[in-house]
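For reference, the structure is listed below as structure tokens.
Within every chain, numbering begins at 1; the chains are lettered A, B, ... in the order of the sequence lines, protein sequences first and strands thereafter.
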Protein chains: 4
Amino acid sequence: MSEARPRRGRPRDTDVDQRVLAAARETIETHGYAGLSVDAVAERAGVAKTTVYRRWPGKAWLVADLTSRLQEEAGLEVTGDIRADLARHTVKIAAGLVAVGPALVADLTAAMANDPEFGATMRARWARRRQLAVEALDQAVRRGEVDPGLDPATVVDQLVGPLYYRLLFTDDPLTPEYAERLVDSVLGPPPHPEGPSHP
Amino acid sequence: MSEARPRRGRPRDTDVDQRVLAAARETIETHGYAGLSVDAVAERAGVAKTTVYRRWPGKAWLVADLTSRLQEEAGLEVTGDIRADLARHTVKIAAGLVAVGPALVADLTAAMANDPEFGATMRARWARRRQLAVEALDQAVRRGEVDPGLDPATVVDQLVGPLYYRLLFTDDPLTPEYAERLVDSVLGPPPHPEGPSHP
Amino acid sequence: MSEARPRRGRPRDTDVDQRVLAAARETIETHGYAGLSVDAVAERAGVAKTTVYRRWPGKAWLVADLTSRLQEEAGLEVTGDIRADLARHTVKIAAGLVAVGPALVADLTAAMANDPEFGATMRARWARRRQLAVEALDQAVRRGEVDPGLDPATVVDQLVGPLYYRLLFTDDPLTPEYAERLVDSVLGPPPHPEGPSHP
Amino acid sequence: MSEARPRRGRPRDTDVDQRVLAAARETIETHGYAGLSVDAVAERAGVAKTTVYRRWPGKAWLVADLTSRLQEEAGLEVTGDIRADLARHTVKIAAGLVAVGPALVADLTAAMANDPEFGATMRARWARRRQLAVEALDQAVRRGEVDPGLDPATVVDQLVGPLYYRLLFTDDPLTPEYAERLVDSVLGPPPHPEGPSHP
DNA sequence: TCGTAATCGAGACGGTACGTCATGTCTTGTT
DNA sequence: AACAAGACATGACGTACCGTCTCGATTACGA
């Protein structure tokens, strides 16, 4: 990736990325998302607009970068207990979405729909995460850990889709409990040590 | 509902709405969603821009109106067979979303997030539809038609949420089959009283 | 002028003119001249915009009407003492201009320049007043009352022109003293009973 | 005066000013003053509207700039013969006003009355010119070159005021002869040291 | 007394321009 | 090269007037 690069000329100021991203976050906090213009961010970061565009191809990419740092990495941990794994995963994603907030997500969505290249990139990024969850679930199905009638891809959509839906299209809060309820809803109620649902 | 108003002043030209909406639809079809400016729509409709703004507070409201007409009215029909009712409903919503297309949906989403008033209005509009489905499912639960462990609101989210999710965030197509699969996935496989498909 | 007119139909509401003009004056006082729109005036007068346009061909004509009522009729009184007559006349015009104010005058000026018909009408209206002054002065010249080298038309312009000039283009106030000074300046200093300027 | 500025950022395209002003002049010539919109000028100049607004705060300022270039610089030349100096000056101003035309002048006047800041700026600009003439005349008075009873400021108003008055409020033409007649009218007929025209 | 004609209130409508905002590119001089 | 500064093209936004129009509801006069 970083092949010896001869790197002629003045080297890049290393903390510019941080300053810009911080400025973006602060701008959103103080002036709301609507006030997030590249000009404003650059000025707040004490950086020229040119410098911003040298690092990110456009506003959408900058925002995408910002959001991916706001979310903790929602990598799926596979422990063998698929229900718990999915629950943790779903809760993490929900938390990430809440941290980022509806405005950012919505704007990125619009950018994805209007800029094909950006859309493809973002979709690919998320596809990987989704694929991991699907595979884990698929293996659990094969292991007989969950109802064999379930389609793994559909189930995963039914875990993640409602998160975005709630965030963007309803007034209801996106809580960890909600995320867990989603898991129970598709996988069926969890078995209890004492007194299972089907005695 | 409010047909009793005294009707003062010059009445609105009845087909202006139609002309504007038609012009908007045509503009999107020919120039893509990105080319949809209020100026362009007004000109194409043979109408003054001010006339457009008299009827719709802004571009977003016009587009929202347009989309709600592009979707067939996804009113939930209650027949007593909740599974079939929900399936039909979900398929309809999916078809509506496909008809409207990701770009429109995404942009409206962004508008909702940036204009609080618009967001509130749209959310309220959809909340009604959602409420109907929740209530129908709730009654089916009480009737014992479906698993009593299911939370109606969560289930409905798991039917509708994935539709938006697929449309906006994945490359996978949004088909009627997918919509039906969602129903089966949360409600469990359909019972086969008289002869299953593969006996 | 008012030839027997059959006067069919509903007669005009007699005090509408007054109400509209009053509303115009009030609007200027409270919202400044910039806020003087026909809509605003009509609303304030409790009158429909149509009604305004039925009486005045356009905004400029309304404003012209308003100004002519703000100025007291500056008809030239001829007493035989041309210097005193012109002084009184000039002072009256100055007072009228001050009462009307620069904004109104300026806007009427612009309207005159942009609407030929309106311009012609207004010019004709003032031409009469000007002609009277010129004739009075001309007779005084013939009577030997003033310097025979003076051109009456030029002198009158040098009395009235500076009034508009001061009002519109300088910061200096338009006082009665200034108006009188103008007369002295062109006609030479007034003769004194005891001790003339050239003993 | 301020040529010492560090010159940061991309320098302004030097001929943009020229192109815009030329476009404005041409637009007025072809489409009349009424057709002078900032949009039209910008397009004709091959320049973005924003670029116009970067240089001139608004339409009025642009037009004002244009007019000041249409008038040849009416700086007062002081030769010692005050009568000739003032005559030349007055003729120049008259010529400038004619070149600019009543419509422009009238509209600028209206702009001055409606936008206080613009008005103040324009008044200040002209005040300098006026002050110069007043001072020159004042010195001539002290030198005994003209009637000591004359008030310099009043006289200057009586030279310039009638020019505007004729241009804007009468149908009479604004000729050089008229301008010269104004001078004779206030200063008295010119002395004929060596042989008058009609002895 | 009843119809006819004009007035009035209300507000829709076409038209035109305004000034603003944000994106992303480009052009300087400076480090 | 990277960087700061800022000019520039582009394109849309929403607003404000103007003057015209189309309704329904009045209000007189004349047949």
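- Side-chain N or O atoms of C/Arg123 include one that pairs as donor or acceptor with a backbone N or O of D/Leu168 at under 3.5 Å.
- Contact check, A/Thr50 against F/dG6: no side-chain N or O comes under 4.0 Å of OP1 or OP2.
- The terminal axes of the helix from E/dT1-F/dA31 to E/dT31-F/dA1, fitted over 5 pairs per end, subtend an angle of 10° to the nearest 10°.
- If you take CH2 on C/Trp126 and OG1 on C/Thr121, they are separated by 11.0 Å, rounding to the nearest 0.5 Å.
- If you take CG of B/Asp39 and C1' of E/dG14, they are 14 Å apart, rounded to a whole angstrom.
- Between D/Arg54 and the phosphate of F/dC8, there is a side-chain N or O to OP1/OP2 separation shorter than 4.0 Å.
- Backbone-only engagement by A/Lys59 is indicated by non-hydrogen atom pairs under 4.0 Å involving sugar-phosphate atoms exclusively.
- Annotation: of the two residues near DNA chain E, D/Gly9 and A/Ser37, the 5′-most nearest-nucleotide partner is A/Ser37.
- OP1 or OP2 of E/dC13 sits under 4.0 Å from a side-chain N or O of B/Arg55.
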Checking C/Val16 against C/Val52 for the side chain to side chain contact (heavy atoms under 4.5 Å, CB included) test, could you report, in this order, the C-alpha distance in whole Å, the side-chain angles of both residues, the deciding distance, and whether it holds? CA-CA 9 Å; C/Val16 162; C/Val52 174; over 6 Å; no
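- Here the straight-line distance linking atom CG of A/Leu21 with atom CZ of A/Arg19 works out to 11.5 Å at 0.5 Å rounding.
- For D/Trp61, the ring pair (Phe, Tyr, Trp, His ring centres under 6.0 Å) partners are D/Phe118, not counting sequence neighbours.
- Counting only heavy atoms from C-beta on, C/Ala48 has its side chain closest to E/dG9 among E/dG9, E/dA17, E/dG24.
- Distance C/Trp61 CH2 to F/dC18 C1': 16 Å, rounded to the nearest Å.
- Not counting sequence neighbours, the partners of C/Arg69 by the side-chain hydrogen bond (donor to acceptor under 3.5 Å, both in side chains) test are C/Asp65.
- Side chain of A/Thr51 to backbone of A/Val47: no donor-acceptor contact under 3.5 angstrom is found.
- In this structure, D/Tyr53 and A/Gly35 both approach DNA chain E, and ranking their closest nucleotides by distance from the 5' end singles out D/Tyr53.
- At whole-Å resolution of the value, CH2 in A/Trp56 and P in E/dT23 are 14 Å apart.
- The main-chain N or O of D/Ala111 is never found under 3.5 Å from a side-chain atom of D/Asp115 such that the two would form a donor-acceptor pair.
- Mapping C/Ala40 and B/Pro57 onto DNA chain F by nearest heavy atom places B/Pro57 closer to the 5' end of the strand.
- Between C/Arg10 atom CZ and E/dA6 atom P there is a gap of 14 Å when expressed in whole angstrom units.
- The nearest heavy atom of DNA chain F to C/Val38 and to A/Lys49 marks one nucleotide each, and the one closer to the 5' end goes with A/Lys49.
- Atom CZ of B/Arg19 is separated from atom C1' of E/dC13 by 11 Å (rounded to the nearest Å).
- Side-chain nitrogen and oxygen atoms of B/Arg8 include none within less than 4.0 Å of the OP1 or OP2 phosphate oxygen of F/dG24.
- Near-neighbour residues of DNA chain F inside residues 107-114 of chain B, defined by a heavy atom below 4.0 Å, are absent.
- The CG atom of D/Asp17 sits 12 Å away from the P atom of F/dA7 (whole-angstrom rounding).
- An OP1 or OP2 oxygen of E/dG14 is reached within less than 4.0 angstrom by a side-chain nitrogen or oxygen of B/Thr51.
- Rounded to whole angstrom, the span from the CD atom of D/Glu117 across to the P atom of E/dG19 amounts to 13 Å.
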Pair up each side-chain donor or acceptor in residues 33-42 of chain B with any protein partner under 3.5 Å, not counting sequence neighbours, and list the distances.
from    : atom 1 : to       : atom 2 : distance (Å)
B/Tyr33 : OH     : B/Asp107 : OD2    : 2.6
B/Ser37 : OG     : B/Ala40  : N      : 3.0

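- Put simply, CZ on D/Phe118 is 14 Å from P on E/dC18, counting in whole angstrom units.
- In this structure C/Arg44 satisfies the side-chain hydrogen bond (donor to acceptor under 3.5 Å, both in side chains) test together with C/Glu26, C/Thr30, sequence neighbours excluded.
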